[in-house]
Amino acid sequence: MLSPPPSESEEVDPWERPTAEVLSGVSALLAERGLSIDIEALRLELEGSAGGPADLSVPLHRVARQAGRDPAELAGELTKAWPTRGSTLNASAKGAYLNFDAEPNQLAATTLLLIGLRGEKYGFLRPTATSVCVEHTSANPNGPFHIGRVRNAIIGDTYARILRAAGHPVTVHYYVDDVGRQAAVISWIWSKPRAEWPPAALATLPTGSDGPALNEKPDHYYGRPYPAVSALLKEDASLAADLGSYAKQVEEGRAPPLHRELSAKVLDGMLASLARLGIRYDELVWESRFLGDGSVDKMIARLKAAPHAVQEENGAWAIDATGYGLPQESSRLIFTRADGTSLYATRDLAYHESKFAAFPRVIDVLGADHLLHSRVLSALLTEIGEPRRPEFVFYQYIQAPGGSKMSTRAGTAVYLDDLLDEAVSRAHTEVLARREDLDDAAVDQIAEAVGASAVRYSILRVAPDKPVQFRWEEALSFEGRTAPFLLYSYARATTLLRKAGRLEPPYPSEAGQLVAPEERRLVRTLSRLPGVVRYAARTGHVHSLATYAHELADAFHSCYQAVPVLRAGAERESRIALVAATRTTLGTTLDLLGLARPERM
RNA sequence: GGGCGCGUCGCCUAGCCUGGAUAGGGCACCGGGUUCCUAACCCGGCCGCCGGGGGUUCAAAUCCCCCCGCGCCCGCCA
């Protein structure tokens, strides 16, 4: 990277100065009239006014009313009082609003200068020392991903990217459950000789095969018997008991080597799918670690000493949860089974204590089905005297096409691998139809980028707490508000710049001649990225960045259509600089969303 | 039954945290655009009063209450 991190004093946002100017200017003018306004509230108000009728707008209803004055009249008065000299903003009154518009040439100059200086780091905020641990995905290694679960990984990965851009050192965890009963099912069945497999389980394997077919990923192959076996376990008590004793061995660290081996293989297959979406982890945290290092035992000891610890008649230990506001107040939070083994919540507690020891901020991305668990965790943290809490980001599951829950067993699951393959294959067709000049390798590369990005964006564009139904047509759509629209915008900018003979970000002095409405709209959109990053980092609304990406690409496509660049006269250099700024900014936005940035399409 | 989330044009969706100016986009549909930097594009048109009711407020898609619909959860599973 060309660009060093910004120093404390360095500007990162073109709106920083104008906002400060309005805050101090308006409060000074009001003070002269014996009025006051809440600066912090106004700051938020201004942040939210981007995209409105004015660049920065101050509603005066409240202040005026408190002073018994007519808002519109006050707005007019303040407009006249606003210093015309020394200000980069034009003040105007519209009804009760005191509006400020940045002078377009000034805004273009500031924005392009900033993008030129920061390069690929434009959009990044000032660094902070507060490190964050983001845990996401954490799906059990017992079979391939389906779309319902993968929303977690996509949201979590994007949030981690955004937090990094917001200046945090970020560590991403995948918590791998290799301990509980669910985790034991796979190795338990595969550790048995084939002759001992229940027929229903055996029937899930391809006939005559002895191992994974060459073209079948390990998560798919070893995951084959899982649905059938878990169904059998619900009906067959002796089978369940057999699994129980196997699971106890696992928890006690006496599992056959096959256990860890299969967990790792299946996980590898799952991670390979996620890697196609650009998702990677800093650390795989194996749950068994907390059993091995004694931290679960220590946690159990702490829980037994907790204020509301009770032992059940059969020997299990629990926390009396009455008073924690959980549903079914009379129920108890069991933390050791009758046989003395630990439960998921107990181990998760040990894991969280290890996270708190290393990170000031801890974020967990969880499906809506884990809401109660998060409350249980909080209650248990209180019990052990831990004041800190993770920040939870919840998302609703993606439902199967019919509207039912996505379930492997019910056959309603849509697998990530299948969706990716289909998307890439469709992208391949599209590329071939448009580009006869490319060689096979180039076509493949573009198709992979377009297909994978389309899948990722189709999930990212919707607010996490919105329940959505999966639809093939939507996930595979390549037009309108989709990733290909964004990627195409980037590819267009890149091609244009290549023809112009330079791909670098703009130079400081080049913003002079951007006067077309399309150009001014594009500049405004470019100027907003740092604000969008700040908002997304603060709220966890990663989809707001997805929305922004579309607005940026849209503004560029319009501009591209309306304003010639290479054939332009005096404006040529300014326009090339604008395209360069767009390419840089859009590239960063695509990176933050985990989408590809193809040089051509 | 209880808890939580969601309910915005024919379909999908932003805005709801921080109440404020004619509620933004996309798909579909209709009509235009390629002797010119990639038409996975652009321009225009059509379409909603924000699930229903009540309340707070100068002002409610946004806050509060009730109701309806959908989803998730309520294991010594994870």
Side-chain angles (χ1 to χ4, degrees), chain A residues 40-45 47-48 51-54 57 59-62 64-65 71 94-97 99 138-140 142 177 179-183 230 287 312 314-318 325-328 331-332 334-339 341 343-345 347-348 367-373 375 394-397 399 403 405 427 430-431 433-435 450 461-463 465-469 471 473-474 477-485 487-489 491-492 495-497 499-500 535 538-539 541 543-544 546-547 550-551 554 557-568 575 579 600-601:
Chain A
E40 278 318 302
L42 182 57
R43 185 190 298 279
L44 289 166
E45 182 100 33
E47 207 169 279
S57 105
L60 293 170
H61 312 76
R62 205 188 318 268
R65 180 166 289 276
K94 180 112 184 250
Y97 297 88
N99 288 336
S138 303
N140 296 347
N142 52 21
D177 175 22
V179 174
R181 268 165 216 245
Q182 286 187 17
S230 46
E287 195 173 6
E312 307 282 312
N314 65 8
W317 279 82
L326 300 168
Q328 294 196 335
S331 78
R332 296 181 166 185
I334 306 290
F335 62 88
T336 66
R337 291 191 183 91
D339 68 0
T341 54
L343 281 94
Y344 166 69
R347 290 175 242 124
D348 202 24
D369 57 339
H370 275 59
L371 193 96
L372 184 60
H373 169 68
R375 297 234 187 121
F394 290 104
Y395 66 94
Q396 300 288 329
Y397 274 85
Q399 298 167 292
K405 190 174 176 176
E430 296 291 325
V431 180
R434 291 160 214 273
R435 299 292 300 264
V450 168
R461 45 173 276 191
V462 182
D465 50 11
K466 216 101 165 175
V468 304
Q469 205 176 109
R471 290 187 177 83
E473 326 86 73
E474 272 173 31
S477 166
F478 288 174
E479 284 165 18
R481 199 156 124 60
T482 65
F485 181 91
L487 272 44
Y488 183 49
S489 191
R492 272 183 147 181
T495 303
L496 204 160
L497 290 173
K499 288 185 177 170
Y535 172 82
R538 178 168 65 79
T539 60
H541 291 179
H543 64 287
S544 61
T547 303
H550 180 259
E551 286 167 6
D554 195 34
H557 279 308
S558 295
C559 203
Y560 184 94
Q561 190 76 22
V563 182
V565 176
L566 298 179
R567 290 175 289 103
R575 289 183 179 165
V579 176
R600 55 186 176 175
M601 268 175 77

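This structure is a prediction, so every number in the text was calculated from the model and none was measured. Values below: every heavy atom of this structure, side chains too, minus hydrogens, waters and symmetry copies.
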Fill in: Span that lies between the P atom of B:A28 and that of B:C11, in whole angstrom
16 Å

Fill in: Complementary nucleotide for B:G71 - Watson-Crick or wobble, under 3.5 Å
B:C4

Practice prompt. Side chain of A:Pro484 only, please: which of B:G33, B:A40, B:C37 is the nearest?
Written response: B:A40

Worksheet item: Which part of the nucleic acid does A:Leu371 contact within heavy-atom distance under 4.0 Å: base, sugar-phosphate only, or nothing?
Response: sugar-phosphate

Worksheet entry | Counterpart base for B:U35, defined by Watson-Crick or G-U wobble contacts under 3.5 Å | none

Worksheet item: If you check the A:Val431 side chain, which of B:A40, B:C4, B:C12 turns out closest?
Response: B:A40

Fill in: Pairing partner of B:U22 (Watson-Crick or G-U wobble, both distances under 3.5 Å)
none

Worksheet entry | Atom P, compared across B:C65 and B:C49: separation rounded to whole Å | 26 Å

Worksheet item: Contact class for A:Ala368 (heavy atom, under 4.0 Å): base, sugar-phosphate, or nothing?
Response: sugar-phosphate

Practice prompt. Mind checking A:Gln399 for me? I need base, sugar-phosphate or nothing, with any heavy atom below 4.0 Å counting as a touch.
Written response: sugar-phosphate

Worksheet item: Looking across every strand, which nucleic acid part, if any, lies under 4.0 Å from A:Lys499 by heavy atom: base, sugar-phosphate, or nothing?
Response: sugar-phosphate

Worksheet item: Within the structure, does a side-chain N or O atom of A:Tyr488 lie under 4.0 Å from either OP1 or OP2 of B:A40?
Response: yes

Response to the item:
Per nearest nucleotide of RNA chain B, the residue lying toward the 5' end, A:Ser57 or A:His541, is A:His541

Discussion item. For a quick check of understanding: with a heavy-atom distance under 4.0 Å over all strands, which category does A:Ala96 fall into, base, sugar-phosphate or nothing?
Written reply: nothing

Item to complete: Looking at every strand, decide which applies to A:His61 at a 4.0 Å heavy-atom threshold: base, sugar-phosphate, or nothing.
Response: base

Discussion item. What's A:Tyr560 touching, base or sugar-phosphate or nothing? Going by heavy atoms closer than 4.0 Å.
Written reply: base

Item to complete: For the side chain of A:His370, starting at C-beta, report the closest nucleotide among B:A78, B:C6, B:A39.
Response: B:A78

Fill in: A:Arg375 to A:Gly325 - nearest heavy-atom pair and separation
NH1-O, 4.5 Å

Response to the item:
The Watson-Crick or G-U wobble partner of B:G44, with both key distances under 3.5 Å, is B:C30

Response to the item:
With the side chain defined as heavy atoms from C-beta on, A:Tyr535 is closest, among B:C16, B:C76, B:A78, to B:C16

Item to complete: Can you tell me the pairing partner of B:A14 across any strand shown, Watson-Crick or G-U wobble, with both distances under 3.5 angstrom?
Response: none

Worksheet entry | B:G5 OP1/OP2 closer than 4.0 Å to side-chain N/O of A:Tyr395 | no

Worksheet item: Closest to the A:Pro564 side chain: B:A21, B:C37, B:A78?
Response: B:C37

Worksheet item: Taking the same atom, P, in B:C50 and in B:A61, what whole-Å distance lies between them?
Response: 7 Å

Response to the item:
Taken to the nearest 0.5 Å, the spacing of A:Leu566 CG from A:Leu496 CG works out to 4.5 Å

Fill in: Between B:G5 and B:C43 - P atom distance, rounded Å
39 Å

Discussion item. Is any side-chain heavy atom of A:Met601 closer than 4.5 Å to one of A:Leu487?
Written reply: yes

Worksheet item: Looking at B:G5, B:G71, B:C12, which one has an atom nearest to any side-chain atom of A:Asp465?
Response: B:G5

Worksheet item: Base, sugar-phosphate, or nothing for A:Asn99, non-hydrogen atoms under 4.0 angstrom?
Response: base

Worksheet item: Taking atom C1' in both B:G52 and B:G69, what distance in whole Å separates the two?
Response: 11 Å

Worksheet item: Can you name the closest pair of heavy atoms from A:Asp177 and A:Val179 and give their distance?
Response: OD1-N, 3.1 Å

Fill in: Sugar-phosphate only, base, or nothing, as touched by A:Ser558 at under 4.0 Å among non-hydrogen atoms
sugar-phosphate

Discussion item. Looking at every heavy atom in both A:Asn99 and A:Ser57, which two are closest together, and how far apart are they?
Written reply: OD1-CB, 2.9 Å

Discussion item. When you compare the side chain of A:Lys405 with that of A:Tyr397, does any pair of heavy atoms fall below 4.5 Å?
Written reply: no

Discussion item. Using a 4.0 Å heavy-atom cut-off, does A:Asp348 contact any base of the nucleic acid, only the sugar-phosphate backbone, or nothing at all?
Written reply: nothing

Discussion item. Using a heavy-atom cut-off of 4.0 Å across all strands, would you classify A:Gly180 as base, sugar-phosphate, or nothing?
Written reply: sugar-phosphate

Worksheet item: Just how far, in rounded Å, is C1' of B:G15 from CG of A:Leu44?
Response: 16 Å

Worksheet item: Within the structure shown, what part of the strands sits under 4.0 Å from A:Val563 by heavy-atom distance: base, sugar-phosphate, or nothing?
Response: base

Discussion item. Rounded to whole Å, how long is the line connecting atom CD of A:Glu45 with atom P of B:U62?
Written reply: 17 Å

Worksheet item: So, is A:Arg434 close to the B:C41 phosphate, meaning a side-chain N or O under 4.0 Å from OP1 or OP2?
Response: no

Discussion item. I'd like the P distance from B:A14 over to B:C63, given in whole Å.
Written reply: 15 Å

Worksheet item: What are the two closest non-hydrogen atoms of A:Pro59 and A:Glu45, and how far apart are they?
Response: CG-OE2, 3.5 Å

Worksheet entry | Base partner of B:A61, which must satisfy Watson-Crick or wobble distances under 3.5 Å | none

Worksheet item: Closest heavy-atom contact between A:Thr482 and A:Ser477?
Response: CG2-O, 3.3 Å

Worksheet entry | Sugar-phosphate, base or nothing in reach of A:Val450, heavy atoms under 4.0 Å | base

Worksheet item: If you measure from the P atom in B:G51 to the same atom in B:G32, how many Å do you get, rounded?
Response: 37 Å

Item to complete: Fit a plane to each ring of A:Tyr535 and A:His541, take the angle between them on a 0 to 90° scale, and name the class: parallel (under 30°), tilted (30 to 60°) or perpendicular (over 60°).
Response: perpendicular

Worksheet entry | base_contact_polar (B:C76 base, A:Asp339 side chain, donor-acceptor, <3.5 Å) | no

Worksheet item: What string of B, S and - do you get for nucleotides 44-49 of chain B, 5' to 3', if B is base contact, S is sugar-phosphate-only contact and - is no contact with any protein heavy atom under 4.0 Å?
Response: ------

Item to complete: May I have the distance from A:Leu487 (atom CG) to B:A39 (atom P), rounded to whole angstrom?
Response: 17 Å

Response to the item:
Taking for A:Glu47 and for A:Leu496 the nucleotide of RNA chain B with the nearest heavy atom, the one nearer the 5' end belongs to A:Glu47

Fill in: Of the listed nucleotides B:U38, B:C16, B:A39, the one nearest the side chain of A:Lys466
B:C16

Worksheet entry | B:G75 phosphate, OP1 or OP2, under 4.0 Å from A:Arg337 side-chain N/O | no

Worksheet item: Is there a side-chain contact between A:Ser230 and A:Gln182 (heavy atoms, below 4.5 Å)?
Response: no

Worksheet, complete the sentence: Side-chain atoms of A:His543 come closest, of B:G15, B:C12, B:U38, to B:G15

Item to complete: Give one of base, sugar-phosphate or nothing for A:Phe485, where a contact means two heavy atoms less than 4.0 Å apart.
Response: sugar-phosphate

Worksheet, complete the sentence: Checking B:G5, B:A40, B:C41 against the side chain of A:Pro467 (C-beta onward), the nearest is B:G5

Worksheet item: Are any of the side-chain heavy atoms of A:Tyr344 and A:His373 separated by less than 4.5 Å?
Response: yes

Discussion item. It should be established whether A:Arg375 places a side-chain nitrogen or oxygen under 4.0 Å from OP1 or OP2 of nucleotide B:C73.
Written reply: no

Worksheet item: Do the side chain of A:Asp369 and the base of B:A78 come within less than 3.5 angstrom through a donor-acceptor pair of N or O atoms?
Response: no

Worksheet entry | Whole-Å C1' distance, B:G1 and B:C58 | 43 Å

Worksheet item: From the list B:G71, B:C37, B:A21, which nucleotide is the closest neighbour of the side chain of A:Gln396?
Response: B:G71

Practice prompt. Provide the closest heavy-atom pair for A:His557 versus A:Arg492 in the form atom of the first, atom of the second, distance.
Written response: ND1-NH1, 3.0 Å

